[in-house]
Protein chains: 2
Amino acid sequence: MEASEIYKCIADPQRLRILNLLDGGSLCVCHLQTIIDIPQVKASKQLAIMKQIGLLESHREGTWMVYSLAQPVHGLLRVNLDYLLQADCSECNQLQCDLLARKQLIQQITQDSPDCPTAVCAPQPCC
Amino acid sequence: MEASEIYKCIADPQRLRILNLLDGGSLCVCHLQTIIDIPQVKASKQLAIMKQIGLLESHREGTWMVYSLAQPVHGLLRVNLDYLLQADCSECNQLQCDLLARKQLIQQITQDSPDCPTAVCAPQPCC
DNA sequence: TTATGATATACCTATTTTAGTATATACTGT
DNA sequence: ACAGTATATACTAAAATAGGTATATCATAA
C-alpha cells in the first residue's frame, strides 16, 4: 500500500471520518450513514474505495455488511488518526464528536433492537 | 489550515518530495527541478499551490526564488515527514535518496558556482 | 416465491485536477 | 536599452474524481 494512496483517502473528510469511526470498532454501512449523514450510495462507494486499497475489511452478518479497519492498522494511518484526535482544529473536533455519536448510537441500538450485528454491538464496552 | 488541505498536498508524490527536500533546508526552484527532475513549469505550479495554503514561504535572491517550509512547521506535516523518513516503503526510500541528492547538489554548487543563493548554500553544513 | 431491508454497482453528468505550450515578469549584467 | 537567466502565469486539453439516479444483488422472513 503506497503512502500516497493512504493520503488520498484521508484527504477526503468523509473518508477520514469513516476511518476514525471504524478505529473505534466495527460498524455496518447504515450506522456510518447515520452518523456521518451521507446517502447510502455514497457511503457504499467510499467504503469500496478504501476496501479496494486494503485499508478496510468487511464481512456479512445477515443483511448487514460490517466494516472494520484492516488489521494490523497501517502505521501511517495509525500515526495520523492519533495525531488528529489530540490536535485542535475543526476537522479534529469533528472526529471526536463522531466517536461520541458512535457510542450513543450503539447504546441506543443495543437497547431498542437486540438484533443488531454482533460484531458491532457485542464487543463494545456499552453492551 | 485544514488537515485535508495538507493531506491533498502530500497525497501527490512530487509535492511530498518537495516538502521533504525543503525540510532539509531552503532551496530555489531550479534545484528542486534538478533533484526531482520535473519541468520548470510544474515545479513552479506545485510550489505556488503549497505557498497558497501556507505550507511554504519564499523570498527572492536576485533572479532566484528561494522556497522554504513555513515556520513553525505544521504539526501534521511534521508528524508525517518524520514517520515517512523512518518507514520502509518505496516512496519513503525515495525521500531519503532525495535528501542525499540534495546534499550532493549543494556541495557541487558551492564548489562550482560561488554565486549561489546564500539562503541555500550559506547555512548548510556543507559550506 | 415473494416482499423487504441492506448494500453494491452501473451509468451519466458536473466538477476538479493535471499536463503542456506559450507567454509574461523580474532581475542581472552589459 | 538589451540580452540572458530564473521564475510565474494564462490558456487549453485531457484525465481523474465526485455526486446523483436508477437498478441490481443478496439475505431474510413470511
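Note that this is a predicted model, so its numbers are computed, not measured. As a basis for the values below, the full set of heavy atoms in this structure was taken, side chains included, without hydrogen atoms, waters or symmetry mates. Chain letters run A, B, ... following the sequence lines, proteins first and then strands; every chain starts at 1.
The residue B/K51 sits apart from the nucleic acid: no heavy atom pair falls under 4.0 Å. Heavy atoms of A/K42 sit under 4.0 angstrom from primed sugar atoms or phosphate atoms, though from no base atom.
The side chain of A/K45 lies closest to C/dA10 when the candidates are C/dA10, C/dT17, C/dA22. With distances taken from any side-chain atom of A/T63 to the nucleotides D/dT7, C/dA8, D/dT28, the minimum falls on D/dT28. For B/R15, the side-chain atoms get nearest to C/dT18 when compared with the rest of D/dA18, C/dT7, C/dT18. Listed nucleotides C/dA6, C/dG20, D/dT7 differ in distance to A/W64; the shortest reach to its side chain belongs to C/dA6. Among the nucleotides C/dT7, D/dT21, D/dT7, the one closest to any side-chain atom of B/C30 is D/dT7. Of the candidate nucleotides D/dA18, C/dA19, D/dA8, D/dA8 has the atom lying nearest to any side-chain atom of B/S44. When each of D/dT7, D/dA10, D/dG20 is scored by its nearest atom to the side-chain atoms of A/P39, the top-ranked nucleotide is D/dG20.
Put simply, CG on A/L32 is 9 Å from P on C/dT7, counting in whole angstrom units. To the nearest angstrom, C1' of C/dT17 lies 15 Å from CD of B/Q52. Atom CD1 in A/I53 sits about 15 Å away from atom C1' in D/dT17, given to the nearest Å. Atom P of nucleotide D/dC26 and atom NE2 of A/H59 are separated by 18 Å, given to the nearest angstrom. Per the geometry, CD1 belonging to B/I49 stands 15 Å off P belonging to C/dT16, to the nearest Å. D/dA6 atom P lies 12 Å from atom CZ of B/R60, rounded to whole Å. The distance between atom CE of A/M65 and atom C1' of D/dT28, rounded to the nearest whole Å, is 16 Å. When the C1' atom of C/dG5 is taken as reference, atom CD of A/Q33 falls 12 Å away, rounded to whole Å.
Put simply, the residue from B/L22, B/I18, B/L21 that forms a side chain to side chain contact (heavy atoms under 4.5 Å, CB included) with B/Y67 is B/L22. Checking each of A/D12, A/L95, A/I38 against A/R17 for a side chain to side chain contact (heavy atoms under 4.5 Å, CB included) leaves exactly one that passes, namely A/L95.
Between A/Y67 and the phosphate of C/dA8, there is a side-chain N or O to OP1/OP2 separation shorter than 4.0 Å.
A donor-acceptor contact closer than 3.5 angstrom is absent between the side chains of A/Q33 and A/H31.
Residue order along DNA chain D, read from the 5' end via each residue's closest nucleotide, puts B/V41 first among A/V41 and B/V41. Between A/Q46 and A/G62, the residue anchored closer to the 5' end of DNA chain D is A/Q46, taking for each the nucleotide with the nearest heavy atom.
Between the side chain of A/Q40 and the base of C/dA8 there is at least one donor-acceptor pair of N/O atoms closer than 3.5 Å.
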Between A/L16 and A/L81, does a side chain to side chain contact (heavy atoms under 4.5 Å, CB included) hold up when you go through it step by step? CA-CA 9 Å; A/L16 176 61; A/L81 289 176; 4.2 Å; yes
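Look at A/D98 and A/R102 and you find no salt bridge, because none of the NZ, NE, NH1 or NH2 atoms lies under 4.0 Å from a carboxylate O.
Environment of CD in A/Q71: crowded, with over 12 heavy atoms of neighbouring residues, nucleotides or ligands closer than 6.0 Å.
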